[in-house]
**Student:** 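Before anything else, here's the structure in question.
On a predicted model such as this, the values are computed, not experimentally measured, just so you know. Order of listing sets the numbers, starting from 1, for every ligand and every atom in it.
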Amino acid sequence: MSDPRSSDGYQPENDLQPSSISKVRVVNRGGDAHADPRDEIPEIGFRNYWYPVTSQRKVKRRKPTRVTLLGEDLCVFRGASGIAVISNWCPHRGASLSQGVCHFVGTVSCPYHGWTFDESGQVKAVLSEGPGDLSTIPGKVSVRSYPTRVIHGIVFSWFGDGEPTDPQHDLPPELFDGSYVQHDATVWHANWRVTLENLSDNHTNYIHRNAVQALMQPFMKVSYRGARTYIAGGGAGLTFYSDGGERKRPYREWFPEVNGYWPKHRHRLLWTRFFALKPLRWLWRLGDGYPPKRSYHPGNHEWNGGPHMPGMQRISGGSSMYTRWCVPINATTTKEFYLWAVRPKNRLARFWERMKYPISQRLLRDRNIGFQDADVLGQLRFDLPEVFSQYDVETMGWRRLAILSARYEGRHDKIPSDLVEQLNARALADMAGRPPVGTQSLDS
Ligand code: FES
Ligand SMILES: [Fe+2]
């Protein structure tokens, strides 16, 4: 195997070893000496966080909806004061509450004997037994109810045992800053940790080479050479995402190692030329310009881009903020929840955003591109030894953040701040005197 060291002296091994500061090992390099560090990241998700449960639109007036997240089965219905999320299993004899009916405003009745629950999970009446003294159950039995908030039509619930945190602390800021937010979800048959790391690596040019968006405009080549990860709140950022020179690399490159060009031919560029024809140019504008000229949340290193606890991946475009939130359903299935935030200047612009969302995001990104990933991840083994390259640095950063969070009560804000400061200082020191670029360069 060739030496993965790059010419600028960056040694990925530095990141593969447990840091003397954090004692976190992030890569399974094989051998029996160590357990797999990935096992420290909870298999069915971090608890004590808010998660998106479903779209408000999916919750009908008369019929509850069943959702499974973090291995928990939920019954979602319209409570007296808004959407309610309670445990799906009836405490009487275990029927599925989401199979029931909402006969009375703000309640759901179990399909078996008609135990009827309100939004706090309390039994209010037992329809099969009778009103008043005819039943001894009402007021005495309840199921777990989940603290719930509806924001931009998305139902968020708190999956934790203690008091919920302030949603504004844990959820993306564009949900609260007047942005226009649209959302979407797909289901992938892979563990959430696998789907999350998918957006941290450098697969885009290769796996998505036949995606419609790549045919319209080939994806930019990137380099993370010399980049370091830092922790900002619940986010793991890279000190920069490209050294700039990558953009000048030609479309086809000669690989003497295999005696051939990659890509093998230029046929795909015919599509690019086709989409560049004047009548079709408007299609380009369906997507967001890349590279972005500025960041969506200037100066906000926690929320601008990269992985974020408890399982988000964020990409800051100039005028848009994309989030793919990998919400565990169970150990082998993940709901990919997509948020797309923009700041249209007027109602017409907002209308245009709404019109193009089903094509640019739902179809071309979440499905066309997304399912190319899902197809590969569905067969990926997450328990074998791995060989990381320098391009996997963001994955290392995410794992460090996730493992540290897991060690400190499962919350990123419980990681001691002096530890974070030391880790960040090391990342910046490794920049060999160069200032960190990160998202800052986009803000100037
Ligand atoms: S099992 Fe639900 S009412 Fe009997
Ligand atoms: Fe991808």
**Student:** Which residues pass the ring pair (Phe, Tyr, Trp, His ring centres under 6.0 Å) test with W398, not counting sequence neighbours?
**Tutor:** none

**Student:** Which pairs with one or both residues in residues 58-67 pass side-chain hydrogen bond (donor to acceptor under 3.5 Å, both in side chains), sequence neighbours excluded?
**Tutor:**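 As it turns out, there is no side-chain hydrogen bond (donor to acceptor under 3.5 Å, both in side chains) pair with a partner in residues 58-67 once direct neighbours are skipped.
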
**Student:** Taking the inter-plane angle between the rings of Y206 and W262 on a 0 to 90° scale, is it parallel (under 30°), tilted (30 to 60°) or perpendicular (over 60°)?
**Tutor:**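 Y206 vs W262 ring planes: tilted.
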
**Student:** Sort by chain and number the protein N/O/S atoms found under 2.8 Å from atom 4 (Fe) of ligand 1.
**Tutor:**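 Per the 2.8 Å query on atom 4 (Fe) of ligand 1, atoms found are H92 ND1, H113 ND1.
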
**Student:** Short question: side chain of R343, backbone of Y296 - any donor-acceptor pair under 3.5 Å?
**Tutor:** yes

**Student:** Say whether D366 and T186, considering side chains only, have a donor N or O and an acceptor N or O under 3.5 Å apart.
**Tutor:**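 No - no donor-acceptor pair under 3.5 Å links their side chains.
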
**Student:** Please work out which of the three classes, parallel, tilted or perpendicular, describes the rings of Y146 and F159, given edges at 30° and 60°.
**Tutor:** tilted

**Student:** Using 30° and 60° as the class limits, which term best fits the ring planes of H412 and Y49: parallel, tilted or perpendicular?
**Tutor:**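 The rings of H412 and Y49 lie parallel, inter-plane angle below 30°.
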
**Student:** Taking 2.8 Å as the limit, list every protein N, O or S atom around the Fe ion (ligand 2), by chain and residue number.
**Tutor:** H203 NE2, H208 NE2, D373 OD1, D373 OD2

**Student:** Would the number of heavy atoms belonging to other residues, nucleotides or ligands and lying under 6.0 Å from CZ of R209 be above 12?
**Tutor:**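 Yes, CZ of R209 has more than 12 neighbouring heavy atoms, counting only those of other groups under 6.0 Å.
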
**Student:** For the residue pair H183 and F337, does the interplanar ring angle fall in the parallel (under 30°), tilted (30 to 60°) or perpendicular (over 60°) class?
**Tutor:** parallel

